[in-house]
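No experiment lies behind these values; they were computed from the predicted model shown. Each chain gets a letter, A, B and so on, in the order its sequence line appears, and its residues count up from 1.
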Amino acid sequence: MMTAADFDLPVLELAPLLIGATLLVDEVGGVIVETEAYHHEDPASHSRSGPTARNASMFAGPGVAYVYRSYGIHWCLNLVGPRGTGVLIRALRPTAGVDQMIQRRGLADPRRLCSGPGRVGQALGITRSHDGLPLDGRPFQVDAPATLPEVVAGPRIGISKAVDQPWRFGLKGSPFLSKPFR
DNA sequence: AAGCGGATGTCCT
DNA sequence: GGACATCCGCTTA
């Protein structure tokens, strides 16, 4: 079980370290296979201009959830590190509560269940109500990987600033990535 | 296989 | 008003 102190790491260390960790929300979830790091001096980060009503949770860490609405439609989940930093959960390998995830997503293809940040939010039932909640208690459970997996890095997806920074991390060769790494 | 347009909350200019 | 850490379905090849 990861607790607040485990999230008190520079976000460029935390984001790859979370690859292979298990993330459950009310017993539903799986193994994290894709993350992205964001921080306060990062032009692509929601925290770039300091705290606002939306991003307050990014400044409430380490060890809380930051949930935001993407494009007015999707709920996306970050695990917050030190002040102003966060790790966007972009994809999981589904392992627990698969039936529930299938129901929420309205499709059964395991490769498309949790491969994308909006999909993860929908599959895990994430809403605004999770924003700011600590990660070391209900409904969350985060467990570090038993053995450190092989992690690959590359440019982040779906952003227009700082596009060349290799701050996207993935489990090498996983079929559950939102996009392959080059 | 790839490219578009639609849905539409929150922030910033 | 415009951009955005997105996804889906419909269109064209």
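Counting non-hydrogen atoms under 4.0 angstrom, A/Asn78 reaches a base of the nucleic acid. Residue contacts shown for A/Ile73 include a base, since a base heavy atom lies under 4.0 Å away.
Atom pair A/Arg119:CZ and C/dA5:P shows a separation of 18 Å (rounding to whole Å applied). When the P atom of C/dA5 is taken as reference, atom CZ of A/Phe169 falls 18 Å away, rounded to whole Å. Taking atom NZ of residue A/Lys179 and atom P of nucleotide B/dA2, one finds them 11 Å apart after rounding to whole Å. Rounded to whole Å, atom C1' of C/dA5 lies 12 Å from atom CD1 of A/Ile89. Atom pair A/Arg111:CZ and C/dC7:C1' shows a separation of 19 Å (rounding to whole Å applied). One can place NE2 of A/His46 at 7 Å from C1' of C/dC4, the figure rounded to the nearest angstrom.
Residues of residues 90-107 of chain A that place a heavy atom closer than 4.0 Å to DNA chain C, in numerical order, are A/Arg90, A/Arg105.
Place A/Gly86 and A/Arg112 on DNA chain C by their nearest nucleotides, and A/Gly86 ends up nearer the 5' end.
A/Glu34 pairs with exactly one of A/Arg119, A/Arg168, A/Arg156 by the salt bridge (Lys or Arg N to Asp or Glu O under 4.0 Å) rule, that one being A/Arg168.
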Query - Watson-Crick and G-U pairing of DNA chain B written in dot-bracket, each distance under 3.5 angstrom, with | for inter-strand partners - result: |||||||.||||.
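Interatomic distance, CD1 of A/Ile19 versus OG1 of A/Thr35, reported as 4.0 Å (0.5 Å rounding). Rounding to the nearest 0.5 angstrom, the gap separating the CD atom in A/Glu41 from the OG atom in A/Ser47 is 9.5 Å.
By the 6.0 Å contact criterion, CD on A/Gln103 is open, its count of non-hydrogen atoms from other residues, nucleotides or ligands being 12 or less.
Using a 4.5 Å heavy-atom threshold, the side chains of A/Asn78 and A/Tyr68 count as touching.
Contact of A/Tyr71 with B/dA7 (side chain to base): no donor-acceptor pair of N or O atoms is detected under 3.5 Å.
Taking atom C1' in both C/dC8 and B/dT10, the straight-line distance is 22 Å, to the nearest Å.
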